[in-house]
Amino acid sequence: DLTGPQLTGSVKCVLIDPIRGLFLSACDKTVTIWDLVTLEVQGTLKCHKDEVKAIHIHGDYIFTGGKGTANGGSLLAWDLRKLNPNQALE
């Protein structure tokens, strides 16, 4: 079992990186990162204004895409080397 915060609503996106962990988004506008060995939460990415629908890792960056409203959306980039789970890169 994963130990961490209760998920709000259904799971929207899952990404597994064998080195960096399990990245999971639900209906709560966040991405939660779990350690694959300890199954504990490493952090939560919290800057989207709507559901996170896509997660992708390329090199040292993680990209998260939000649903948005009225045909809009958001794409945030996070530097995994300097990850502050509460702040997106500007």
Side-chain angles (χ1 to χ4, degrees):
D1 289 336
L2 296 174
T3 56
Q6 182 70 28
L7 294 176
T8 303
S10 60
V11 172
K12 297 296 179 177
C13 189
V14 174
L15 176 111
I16 298 173
D17 182 285
I19 296 170
R20 296 181 176 103
L22 169 71
F23 295 77
L24 185 138
S25 70
C27 293
D28 61 359
K29 307 172 193 171
T30 66
V31 175
T32 305
I33 306 166
W34 274 277
D35 183 290
L36 290 172
V37 175
T38 66
L39 299 179
E40 294 179 346
V41 173
Q42 291 181 315
T44 304
L45 307 177
K46 303 178 179 179
C47 282
H48 279 281
K49 295 182 178 170
D50 211 330
E51 296 174 1
V52 177
K53 297 287 213 170
I55 304 169
H56 179 76
I57 292 178
H58 182 76
D60 289 323
Y61 291 92
I62 178 170
F63 298 92
T64 57
K67 174 182 172 186
T69 56
N71 296 328
S74 59
L75 175 66
L76 301 179
W78 314 78
D79 186 334
L80 291 168
R81 298 166 297 178
K82 303 175 186 176
L83 186 62
N84 175 348
N86 298 310
Q87 184 177 10
L89 294 175
E90 298 290 328

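Everything quoted here is computed from the prediction, not taken from an experiment.
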S.K.: Can you name the nearest heavy-atom pair linking Tyr61 to Arg81, along with the distance?
M.R.: OH-NH2, 3.4 Å
S.K.: Which atom pair, heavy atoms only, marks the closest approach of Ile55 to Leu15?
M.R.: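 In terms of heavy atoms, the two residues are closest at O-CD1, 3.6 Å.
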S.K.: Mind checking whether Val37 and Val41 sit in one hydrophobic cluster, side chains of I, L, V, M, F, W, Y counted as touching below 4.5 Å?
M.R.: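 Each belongs to a different hydrophobic cluster.
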S.K.: Would a 4.5 Å heavy-atom cut-off, applied to side chains only, mark Trp78 and Thr64 as touching?
M.R.: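 Contact flag for Trp78/Thr64 side chains = yes.
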S.K.: Do any N or O atoms from the side chain of Ser25 and from the backbone of Val31 form a donor-acceptor pair under 3.5 angstrom?
M.R.: no
S.K.: Let me check something: do Ile57 and Ile19 share a hydrophobic cluster, defined by ILVMFWY side-chain heavy atoms less than 4.5 Å apart, either directly or through other members?
M.R.: no
S.K.: If you count the non-hydrogen atoms of other residues, nucleotides and ligands that lie under 6.0 Å from NZ in Lys29, is the total more than 12?
M.R.: no
S.K.: Would you please name every residue forming a salt bridge (Lys or Arg N to Asp or Glu O under 4.0 Å) with Asp17, sequence neighbours left out?
M.R.: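 Arg20.
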S.K.: To the nearest 0.5 Å, what is the distance between CG (Leu45) and OG1 (Thr32)?
M.R.: 8.0 Å
S.K.: Identify the two heavy atoms, one from Gly21 and one from Leu36, that lie closest to each other, and give their separation to 0.1 Å.
M.R.: CA-CG, 3.8 Å
S.K.: Please report the shortest heavy-atom distance between Glu51 and Cys27, naming the atom on each side.
M.R.: OE2-SG, 3.9 Å
S.K.: Nearest 0.5 angstrom please: Ser74 OG to His48 NE2, how far?
M.R.: 4.5 Å
S.K.: Calculate, to the nearest 0.5 Å, the distance between atoms CG and CD belonging to Asp35 and Gln42 respectively.
M.R.: 4.5 Å
S.K.: What is the minimum heavy-atom distance between Phe63 and Leu75, and which atoms define it?
M.R.: CB-CD1, 4.1 Å
S.K.: Thr30: which residues meet the side chain to side chain donor-acceptor pair (under 3.5 Å) condition with it, sequence neighbours left out?
M.R.: Asp28
S.K.: Roughly how far, to the nearest 0.5 Å, is the CG atom of Leu39 from the CH2 atom of Trp34?
M.R.: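 Output value for this atom pair is 10.0 Å.
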